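Notes for the one structure printed next.
Below, chains carry the letters A, B, ... as their sequence lines are ordered, and counting in each starts from 1. Fair warning: this is a prediction, and the values are worked out from it, not measured in the lab.
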Protein chains: 2
Amino acid sequence: MIAKTKNGGVATLADVSRTAGVSIATASTVLNRPWSSKHITPATRERVRVAAAALRYRPNLAARALVSRRMQTVGVAAVVDGGELSHYFLEIFNGIVTAAAQRGQNTTAFTLRDWQQAAERIRDFCDGRIDGMILLAPTFTHAQVQLPAHIPFVSIHANSALPGVVNIESDEEAGAFALTQHLIARGHWRIMHLAGPAGLIGAERRISGYKRALAAARIPLDRELLVHAGYTAALGCEAMRAWLQKHAGEPLPHAVFCANDAVAIGCSEALAEVGLRVPADISVAGFDDSFAARAVVPQLTSVRQPLREMGARAVELLLARIGRASPASAAQPKAVVFPVELAPRASVGAAPRVEQAVPATAVAAARTP
Amino acid sequence: MIAKTKNGGVATLADVSRTAGVSIATASTVLNRPWSSKHITPATRERVRVAAAALRYRPNLAARALVSRRMQTVGVAAVVDGGELSHYFLEIFNGIVTAAAQRGQNTTAFTLRDWQQAAERIRDFCDGRIDGMILLAPTFTHAQVQLPAHIPFVSIHANSALPGVVNIESDEEAGAFALTQHLIARGHWRIMHLAGPAGLIGAERRISGYKRALAAARIPLDRELLVHAGYTAALGCEAMRAWLQKHAGEPLPHAVFCANDAVAIGCSEALAEVGLRVPADISVAGFDDSFAARAVVPQLTSVRQPLREMGARAVELLLARIGRASPASAAQPKAVVFPVELAPRASVGAAPRVEQAVPATAVAAARTP
DNA sequence: CTGAAAGCGCTTACAG
DNA sequence: CTGAAAGCGCTTACAG
């Protein structure tokens, strides 16, 4: 029990075994497989334990990973546009980190400038430093990016089907439907939709729910009220501002259903610029029920997606697939769909008693040559 | 050039060397040390490159880490209270991930329930899976938690000096001073401070700046106006609500300087409950200049700490210390202090012309038996 | 200019 | 009940 570490540094299994007076194999068994160490003398087991504790032995994960081919780490790949990590990302990431930690797994974050560069970088990420990867809202297709076959992937809100990858999504169509229906129930019928980027499946599903709710209420779709903005506050503000300028003097929409909370915040800004009050003059609703939805005044009516839970589920599914044989050979897994929930708040009021017109904008018209 | 991988799986260096018809050592040199491979025939180098590309060779990081003792990964430890990752964390984390990625380093997040449990868990984290660690706003002392000596640490906003650890902080005292001075310049003099948790160095520094600004303007400190709330919106709301109830009928403060933006948002909520408008009736200011400060209406006057840059600097300093001999033997490194910046916004207005009294609260008084 | 060999710290059949 | 040995994939002196 006198022997210390050979090199004055971190203790290794060899140090422990030498100190305990047993072989490396025995030390390893005692420390890592308590159940199969039943066949080892209690006295021996105790000696090993004491030695490990005395030497502050910690297994070297790199060495262990080399033989077990498991790094006990899950990777998360996400696009960080313009250096901004959004709240959407934060919520999901939180769910992932927490769930992973509960299962003794680490989480390594990989941020990408855009999904186009993902092809080569994702491959780099998979060089034995992670056991599986979660893709956050990937927009690439199977044709653009071939995912490495040797580790499993799980995606959240993928924009297209990726072979062999389970996708976790939320029922955005139902959310958009419920939200639009809610607006209609409050007496609104001239309902505008500031939609997300054209072509993105999530944006399309929200549009689809919007249309279905209008149809269900027999409200004809007004093409002028369906505008593609994007997913940021700046784009929302810009889109609403442009719309107001173009439609000055025409009937004011009763409500605006925005692609997400950020867009709703930008939209409200544009409305405030021309003196319109939310919800007295016009109601506004968002989507995602992010932190921002509750931080703004008035608080935003929104649709809650259980982002935290979705992240946690991603970890579960990923872990279940790690180490399992040939996931590729399995049939394409079905998507996991989470329900969403309407979160009614102050930004949606009753329809105004009298119809209003879009105010003439004080803002200088966009300078066109 | 016919040989494929031995086991149908991922190609190893051995596969590459066999395919290229060279030794493993040569393949390794060509692939990893282009400069010292100058002494290798161009033809040989080319053969190795072609073979590596053809086999889609990717070095196994676990194996490399085992010999080089570098995982190319930095760890970030932070406390996630109540499952909430705050914006404060998000901003810094963003700076860290981005800076690390630029230097080819991965970032692994470790979340803790509290810093008390940090002792054992931090030790676990350092089992060769990271090369260094960044501590986010640690509150433990050296006596409570002994950091492992074999890897370097850098802290951000540490609450007490940790031996051998560089701390990155911002000049919170100056920020609080500038903010309070700004309020005074706008004509306010009955200025309340909803402070952070007692005992935390950051909270104390903000209090100190507040006091110094009052003293500089010869405004006597009113003990009733200095209240400890905490760092969350709920605590801010609660503290303000309690204060209003207790002080009904007394002169209303002109302005409230809150420990951070979340507290300011909670505070505004409490003010709104009794019909007080910001900034017409009372001005409110926050601290941190988080996303929330700009998301609320009216936007919050705040103090900007360059969190993103602080995270990036942490990575730089950490990388500089990784692999360098005995950081422990060096003298205690000096803290790195970042300047802060006042961000004046709409939540602070001019002092009202007439003094107001704290309105009687409509809320039922706390039921005491 | 290139290769054979040792070794990083661990796990796991396989012998005794 | 316990130990000797091979091997995970790589890097790096050290020989030729």
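- Here the side chain of B/A25 is nearest to one of C/dC10, C/dA4, D/dC8, namely C/dA4.
- The nearest whole Å value for the distance from the CZ atom in A/R58 to the C1' atom in C/dC8 is 20 Å.
- Checked against A/D131 for a salt bridge (Lys or Arg N to Asp or Glu O under 4.0 Å), the options A/R69, A/R70, A/R321 give a single hit: A/R70.
- Side-chain contact of A/N167 with A/S155: a donor-acceptor pair under 3.5 Å is present, judged by distance alone.
- For the pair B/R70 CZ and D/dC10 C1', the computed distance is 16 Å after rounding to whole Å.
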Query raised in the report: Are A/I122 and A/M133 close enough, and set up right, to give a side chain to side chain contact (heavy atoms under 4.5 Å, CB included), and what steps lead you there?
Result: CA-CA 9 Å; A/I122 284 185; A/M133 180 174 271; 4.2 Å; yes
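- Base pairing of C/dA4 is not made with any nucleotide, judged by Watson-Crick or G-U wobble geometry with both donor-acceptor distances under 3.5 Å.
- Comparing C/dG7, C/dG9, D/dG3 by their nearest atom to the side chain of A/V67 picks out C/dG9.
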Query raised in the report: Could you walk me through whether A/T107 and A/T73 pass the side chain to side chain contact (heavy atoms under 4.5 Å, CB included) check?
Result: CA-CA 6 Å; A/T107 306; A/T73 300; over 6 Å; no
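- The distance from atom CD of B/E46 to atom C1' of C/dT2 is 18 Å, rounded to the nearest whole Å.
- In this structure, A/R18 places its CZ atom 14 Å from P of D/dG3, rounding to the nearest Å.
- Considering only the side chain of B/T41, C/dC1 comes nearest among C/dC8, C/dC1, D/dG3.
- In this structure, B/L13 places its CG atom 15 Å from C1' of C/dA4, rounding to the nearest Å.
- Contact annotation: A/S68 does not reach the phosphate of C/dT11 (side-chain N/O to OP1 or OP2, under 4.0 Å).
- Base pairing annotation: C/dA13 forms no Watson-Crick or G-U wobble pair, as no partner gives both donor-acceptor distances under 3.5 Å.
- Closest to the side chain of B/N60, from the set C/dT11, D/dC10, C/dG9, is D/dC10.
- The shortest distance between the side-chain N/O atoms of B/T12 and the OP1/OP2 oxygens of D/dG9 is not below 4.0 Å.
- Phosphate contact (OP1/OP2 of C/dT12, side-chain N/O of A/R33, threshold under 4.0 Å): present.
- Look at A/R45 and you won't find any side-chain N or O under 4.0 angstrom from OP1 or OP2 of D/dC1.
- Ranked by how close their nearest DNA chain C nucleotide is to the 5' end, B/S23 and A/Y57 are led by B/S23.
- Proximity note for B/I40 (side chain, C-beta onward) versus C/dT2, D/dG3, C/dG9: the nearest is C/dT2.
- Looking at heavy atoms from C-beta onward, A/I130 lies in side-chain contact with A/F110 at the 4.5 angstrom threshold.
- In this structure, the CZ atom of A/R64 is 18 Å from the P atom of D/dG9, given to the nearest Å.
- The interatomic distance linking A/R69 (CZ) with C/dT12 (P) rounds to 13 Å, in whole Å.
- Distance, A/I24 CD1 to D/dG7 C1': 14 Å, rounded to whole Å.
- When the nearest nucleotides of DNA chain D are assigned to A/T26 and A/L66 by heavy-atom distance, the more 5′-ward of the two goes with A/T26.
- Within the 4.5 Å cutoff, no side-chain heavy atoms of A/D15 are placed close to those of A/Y57.
- Note on B/T29: every side-chain N or O is 4.0 Å or more away from OP1 and OP2 of C/dT2.
- At C/dC10, none of the side-chain N or O atoms of A/N32 fall inside 4.0 Å of OP1 or OP2 (strictly under the cut-off).
- Counting only heavy atoms from C-beta on, A/V22 has its side chain closest to D/dG3 among D/dG3, D/dT2, C/dC10.
- With distances taken from any side-chain atom of B/S28 to the nucleotides C/dG3, D/dG3, D/dT11, the minimum falls on D/dT11.
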